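Quick notes on the structure that follows.
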Amino acid sequence: MVDFTLTDEQKDLREMAHNFAEKEMRPVAWKHDKDGSWPQEVIDKAWEVGLMNNHLNPKYGGTGLDYLSGCIIEEEIAWGCSGIGTSIGANGLAAAPVELGGSEETKKKYLGMLSESPKLASFALTEPDAGSDVAGMKTRAVKKGDKYILNGSKCFITNGEHADWYTVYAKTDPDSGSRGISAFVVDRQDGITIDKKEDKMGQRASNTVSLTFNDVEVPAGNLIGEENKGFKLAMMTLDRTRPGVASMAVGIARGAFEAAADYSKERQQFGVPIAMHQAIQFLIADMSVKVDAARLLTWLSAWQLDNGISNTLSSSQAKRFAADSAMEVTTDAVQVFGGYGYIKDYPVEKFMRDAKIMQLYEGTSQIQRMVIAREVLMPRQV
Ligand SMILES: Cc1cc2nc3c(=O)[nH]c(=O)nc-3n(C[C@H](O)[C@H](O)[C@H](O)COP(=O)(O)OP(=O)(O)OC[C@H]3O[C@@H](n4cnc5c(N)ncnc54)[C@H](O)[C@@H]3O)c2cc1C
């Protein structure tokens with residue numbers, strides 16, 4: 001049976017998230033975008049109404065929402081503002097490896113922290129010389145007694161300036177490539193310096209920083225899972241988070257599509273609304289196809305995850321297609337607005353700038369294609 005009907009609970013969640021996006025996010029989104037200021041007030045409200053930490057296990061104070069419901073929320077939040085949405089959602093990226101591999105004590109302490117108050121955590125994987133090629137990372141963790149000592153630099157870390165703890169990936173066996181990486185939970189502390197806040201093209205309300213670990217002491221108990229198994233943990237995390245990122249891309253695309261469709265009915269040229277010109281109708285038609293097709297692929301990847309079916313292929317397909325579609329749809333939305341689309345008084349140029357990051361973070365569109373090709377050509381036996 002194939003059923004696209006949402007449950008009453010999912011419909012309620014969608015309505016709640018949509019109202020939040022409309023009333024709490026959109027009115028401040030363009031201001032935060034303009035000055036790159038930090039939307040703490042929106043984050044606090046999102047936490048209060050239960051729109052953060054969607055998948056945290058109820059054992060640690062979370063709601064343990066299924067991934068499909070999470071996607072429904074994330075689409076609405078990104079429709080409101082994907083910059084603020086990225087900061088609201090980033091805890092999920094930091095928390096997933098802890099849920100997957102952390103000790104009971106670590107889970108209670110660090111996941112509990114996120115459910116008790118609107119605290120933030122960051123996922124620190126990327127380094128200046130190791131982006132797509134994670135195995136090239138240089139950050140080192142050396143065991144000394146009952147502690148690990150961390151040294152190294154990370155870049156592009158979402159919420160890094162505001163995080164209370166970090167999920168950090170570091171080499172414990174530097175000669176073993178991806179098999180020499182371990183993951184740790186690291187408390188915010190003096191040995192961690194924030195080197196630079198990035199001034200970004202889009203998603204300007206989210207916080208993105210470079211940071212350095214200078215002889216940072218981490219209790220051995222904060223190792224997540226086993227030593228040298230961090231790469232696998234990171235890949236399992238991304239299988240869980242890519243449906244959410246794909247949903248954000250759908251939300252951005254839908255926002256731009258709706259704005260373009262409305263504008264095309266109002267703007268008159270050659271004596272008729274531009275929606276009467278077939279060239280504009282075809283742009284709008286293709287936008288609607290891309291939004292709906294991206295959502296279906298995204299929901300499939302979340303549904304597979306919820307039902308214990310491997311979603312490595314579908315989550316990469318969803319992220320690739322939704323991200324590239326968001327870029328196309330938002331670019332076409334600017335086209336529908338003509339010259340006004342290029343001006344900041346109108347909403348669509350922000351959607352276009354925000355869409356670009358969807359093709360970059362959590363694995364670029366090229367890296368998604370590599371994953372998809374590997375899964376198609378050399379499927380793993382499950
Ligand atoms: C706003 C923002 C927020 C981010 N948040 C986080 C975060 O919270 N935590 C975190 O750890 N990271 C984060 N990142 C990092 C992000 O995941 C990386 O930027 C991304 O993985 C790409 O790495 P890179 O920038 O080093 O690009 P590179 O890996 O240098 O890639 C450059 C280009 O080469 C292509 N390329 C690379 N290798 C191949 C290949 N084998 N075949 C074909 N093409 C290839 C890429 O697709 C890309 O087009 C963030 C980045 C940004 C910009």
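All ligand and atom numbering here is 1-based and tracks the order in the structure. As the structure is a computational prediction, the values presented were derived from the model and not from experiment. Excluded from the calculations below are hydrogen atoms, water molecules and symmetry mates; all remaining heavy atoms, backbone and side chain alike, are included.
To the nearest 0.5 Å, atom CG of residue Asn54 and atom OG of residue Ser69 are 9.0 Å apart.
Residues Gln203 and Lys200 have side chains that never bring a donor and an acceptor to within less than 3.5 angstrom of each other. Residues Tyr67 and Glu74 bring no donor and acceptor atom of their side chains to less than 3.5 Å of each other. With hydrogens and angles left out, the side-chain atoms of Trp79 and Glu258 include a donor and acceptor closer than 3.5 Å. In summary, the side chains of Glu375 and Thr312 do not present any donor paired with an acceptor at a separation below 3.5 Å, with no hydrogens or angles considered. Looking at Tyr110 and Asp164, their side chains never bring a donor and an acceptor atom within 3.5 Å of each other.
Between Tyr263 and Phe337, the two ring planes are parallel [angle under 30°; tilted spans 30° to 60°].
Within the 4.0 angstrom cut-off, atom 30 (O) of ligand 1 has no protein heavy-atom neighbours. For atom 34 (O) of ligand 1, the nearest protein heavy atom lies 4.0 Å or farther away.
In this structure, Lys196 pairs ionically with Glu198, as a charged nitrogen and a carboxylate oxygen lie closer than 4.0 Å.
Applying the 6.0 Å contact sphere to CG of Asp190 captures no more than 12 heavy atoms from other residues, nucleotides or ligands.
The shortest N or O to N or O distance between Thr208 and ligand 1 is not under 3.5 Å. At least one N/O-N/O distance between Thr126 and ligand 1 falls below 3.5 Å. For ligand 1, the polar-atom distance check against Leu125 finds a nitrogen or oxygen pair separated by under 3.5 Å.
Close approach of ligand 1 to Thr364 (heavy-atom distance below 4.0 Å) involves ligand atoms 22 (C), 46 (C), 47 (O). Below 4.0 Å from some heavy atom of Gly131 lie the following atoms of ligand 1, by number and element: 23 (O), 24 (P), 26 (O), 29 (O). Every atom of ligand 1 with a heavy atom of Lys200 under 4.0 Å away is listed here by number and element: 1 (C).
At a heavy-atom cutoff of 4.0 Å, ligand 1 is contacted by no atom of Gln203, backbone or side chain.
With respect to atom 53 (C) of ligand 1, the closest heavy atom belonging to the protein is Ile357 CD1, 3.3 Å. The nearest protein atom to atom 17 (O) of ligand 1, hydrogens excluded, is given as Glu362 N, 3.5 Å; this is a heavy-atom distance. Remark: minimum distance from atom 49 (O) of ligand 1 to any protein heavy atom is reached at Gln366 OE1, 3.4 Å. Closest protein heavy atom to atom 8 (O) of ligand 1: Thr158 N, 3.0 Å. At the top of the distance list for atom 9 (N) of ligand 1, counting protein heavy atoms only, stands Phe123 O, 2.7 Å. Ranking protein heavy atoms by distance to atom 14 (N) of ligand 1, first place goes to Phe156 O, 3.4 Å. In terms of protein heavy-atom proximity, atom 40 (C) of ligand 1 is closest to Met370 SD, 3.6 Å. With respect to atom 36 (N) of ligand 1, the closest heavy atom belonging to the protein is Ser132 OG, 4.4 Å.
Taking all heavy atoms of Leu360, Leu93, Val168 into account, the minimum distance to atom 20 (C) of ligand 1 is reached by Leu360.
In this structure, Lys350 satisfies the cation-pi test against Trp30, with its NZ or CZ atom closer than 6.0 Å to the six-membered ring centre and inside 45 degrees of the ring normal.
In this structure, Val186 and Val216 have side chains that are in contact, with non-hydrogen atoms separated by less than 4.5 Å.
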